[in-house]
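Right, one structure below, let's go through it.
Hydrogens, waters and symmetry mates are skipped; everything else that's a heavy atom, side chains included, is used.
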2 protein chains.
Amino acid sequence: MVVDQLREDELDRLFQAFADSTRRDIVRRVTVGEYSVSGLAALYAMSFAAVQKHVAVLERASLVTKEKRGREQIVRGNHEGLQKARRLLDEYEAIWRQRVDRIADILAEG
Amino acid sequence: MVVDQLREDELDRLFQAFADSTRRDIVRRVTVGEYSVSGLAALYAMSFAAVQKHVAVLERASLVTKEKRGREQIVRGNHEGLQKARRLLDEYEAIWRQRVDRIADILAEG
DNA sequence: CTGATCTACAACCATTTGGTTGTACGATAG
DNA sequence: CTATCGTACAACCAAATGGTTGTAGATCAG
């Protein structure tokens with residue numbers, strides 16, 4: 001086994017990151033606009049530290065990047081993670097379509 | 001707030017379900033072939049009960065369905081969950097493209 | 001310089017997660 | 001009928017998750 005452990009871990013982190021509505025909202029916002037960590041924190045009914053942790057989870061998943069600007073840390077959307085997640089789901093969709101085609105073939109044969 | 005709590009919870013469950021390599025493998029397998037719960041359990045280095053729990057997580061996320069056949073429970077892939085997950089990532093991709101277009105516009109103006 | 005702001009990080013807590021073993025029960029094979 | 005198989009479910013455990021408060025270091029405004 002141990003097919004491609006690095007990629008598997010990467011995908012674990014990616015989907016785990018998406019599995020929280022606050023984090024999904026952060027991703028949407030930082031894709032459209034520019035936010036510091038505290039700018040984001042102001043949007044949610046939770047502590048600054050909690051939002052900071054959410055951003056860290058997104059960063060580890062390559063869904064956002066942080067860039068220091070003065071005393072602020074600007075959070076930006078990172079297309080890389082999103083693309084990887086989409087690519088995986090596209091693979092699954094392809095497997096599904098192959099399966100449907102195969103069943104169609106069997107029906108055509110019979 | 002409380003935009004669409006049901007959908008948010010649904011998405012939480014969906015991405016949470018994808019955030020585990022064993023579960024991703026189960027989804028792939030049951031999309032292609034037919035497996036009972038114990039048939040799946042035989043594939044992994046963990047207990048039957050553990051696999052049973054993974055299947056339950058996938059079922060709650062609408063990624064698989066179970067169907068009783070004699071004393072076996074047949075697990076099958078369910079396109080519904082996969083589609084919903086893909087749809088969300090497509091939305092994010094669209095947001096990203098809009099952002100890129102907007103930047104292009106600004107550059108064109110300037 | 002001083003005070004306010006932004007961030008990082010540690011420590012703590014409750015709940016969830018991913019695993020285990022054990023028990024029980026319906027369905028099937030012999 | 002009896003033994004076995006496939007499943008369900010409870011109880012338990014360690015680790016991870018999602019939140020909190022508190023402390024401390026940079027950076028900026030006045």
Side-chain angles (χ1 to χ4, degrees), chain A residues 1-2 5 8-27 29-30 33-76 81, chain B residues 1-2 5 8-27 29-30 33-76 81:
Chain A
M1 280 295 149
V2 185
Q5 198 55 52
E8 291 298 321
D9 290 350
E10 199 184 353
L11 292 171
D12 286 0
R13 270 181 272 124
L14 254 170
F15 287 106
Q16 180 60 39
F18 270 117
D20 181 283
S21 62
T22 301
R23 286 196 292 262
R24 288 193 296 273
D25 193 63
I26 291 176
V27 170
R29 288 183 186 269
V30 301
E34 206 176 79
Y35 288 87
S36 65
V37 179
S38 54
L40 286 170
L43 301 170
Y44 309 102
M46 67 184 74
S47 68
F48 171 82
V51 174
Q52 210 177 13
K53 281 190 187 182
H54 281 309
V55 171
V57 169
L58 290 170
E59 201 180 10
R60 280 196 314 133
S62 306
L63 283 168
V64 307
T65 58
K66 281 194 300 185
E67 187 190 344
K68 200 166 195 167
R69 200 174 61 187
R71 64 182 157 187
E72 291 184 333
Q73 197 83 262
I74 305 299
V75 183
R76 292 208 176 79
Chain B
M1 278 297 146
V2 184
Q5 198 54 54
E8 291 299 321
D9 290 351
E10 198 183 352
L11 291 171
D12 287 358
R13 271 181 271 122
L14 253 170
F15 287 108
Q16 179 61 39
F18 269 118
D20 180 285
S21 63
T22 301
R23 287 197 291 263
R24 288 193 297 274
D25 193 63
I26 290 176
V27 170
R29 289 184 186 268
V30 301
E34 206 176 77
Y35 288 87
S36 65
V37 179
S38 55
L40 286 170
L43 299 170
Y44 309 103
M46 66 184 73
S47 69
F48 171 81
V51 174
Q52 209 177 14
K53 281 191 186 180
H54 280 310
V55 171
V57 169
L58 291 169
E59 202 181 9
R60 279 194 317 133
S62 305
L63 283 169
V64 307
T65 58
K66 281 194 301 185
E67 188 189 341
K68 201 165 195 168
R69 200 173 64 187
R71 65 182 158 188
E72 290 185 335
Q73 197 82 263
I74 304 300
V75 183
R76 293 207 176 78

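Annotation: salt bridge (charged side-chain N to carboxylate O under 4.0 Å, His left out) contacts of B:R24 (sequence neighbours excluded): A:E8, A:D12. The salt bridge (charged side-chain N to carboxylate O under 4.0 Å, His left out) search around A:E72 returns none, not counting sequence neighbours. Every residue meeting the ring pair (Phe, Tyr, Trp, His ring centres under 6.0 Å) condition with B:F18, not counting sequence neighbours, appears here in chain and number order: A:F15, A:Y92. Partners of B:R71 according to the salt bridge (charged side-chain N to carboxylate O under 4.0 Å, His left out) rule, which considers only residues two or more places apart in sequence or in another chain, do not exist here. Not a single salt bridge (charged side-chain N to carboxylate O under 4.0 Å, His left out) links A:D9 to another residue, sequence neighbours left out.
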Nucleotides 3-6 of chain C: which of its N/O atoms have a protein N/O under 3.5 Å away?
unit_1: C:dT5; atom_1: O2; unit_2: A:R71; atom_2: NH1; d: 3.3

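Applying the salt bridge (charged side-chain N to carboxylate O under 4.0 Å, His left out) rule to pairs touching residues 38-49 of chain B yields nothing, sequence neighbours excluded.
How far CD of A:Q73 is from CD of A:E67: 8.5 Å, rounded to the nearest 0.5 Å.
Shown for residues 9-19 of chain B: no residue has heavy atoms falling under 4.0 angstrom of DNA chain D. Scanning residues 51-67 of chain B for heavy-atom distances under 4.0 Å to DNA chain D yields B:Q52, B:K53, B:K66.
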Show me the donor-acceptor pairs within less than 3.5 Å that the side chains of residues 33-50 of chain B make with the rest of the protein, sequence neighbours left out.
unit_1: B:E34; atom_1: OE1; unit_2: B:R69; atom_2: NH1; d: 3.0
unit_1: B:E34; atom_1: OE1; unit_2: B:R69; atom_2: NH2; d: 3.3
unit_1: B:E34; atom_1: OE2; unit_2: B:R76; atom_2: NH2; d: 3.1
unit_1: B:S36; atom_1: OG; unit_2: B:S38; atom_2: OG; d: 3.3
unit_1: B:S36; atom_1: OG; unit_2: B:G39; atom_2: N; d: 2.9
unit_1: B:Y44; atom_1: OH; unit_2: B:D25; atom_2: OD2; d: 2.6
unit_1: B:S47; atom_1: OG; unit_2: B:A50; atom_2: N; d: 3.1

Using distance only, find each side-chain donor-acceptor pair of residues 52-61 of chain A under 3.5 Å and give its atom names and separation, not counting sequence neighbours.
unit_1: A:H54; atom_1: ND1; unit_2: A:R23; atom_2: NH1; d: 3.2

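Residue B:A41 is classed as having no contact, given no heavy-atom separation below 4.0 Å to the nucleic acid.
Taking atom CE of residue B:M46 and atom C1' of nucleotide C:dT17, one finds them 13 Å apart after rounding to whole Å.
Heavy-atom contacts of chain A under 4.0 Å fall on DNA chain D between two terminal nucleotides, which in 5' to 3' order are D:dG18 to D:dC28.
Summary of the strand contacts: A:R23 and B:A49 both lie near DNA chain D, and taking for each the nucleotide with the nearest heavy atom, the more 5' one is attributed to B:A49.
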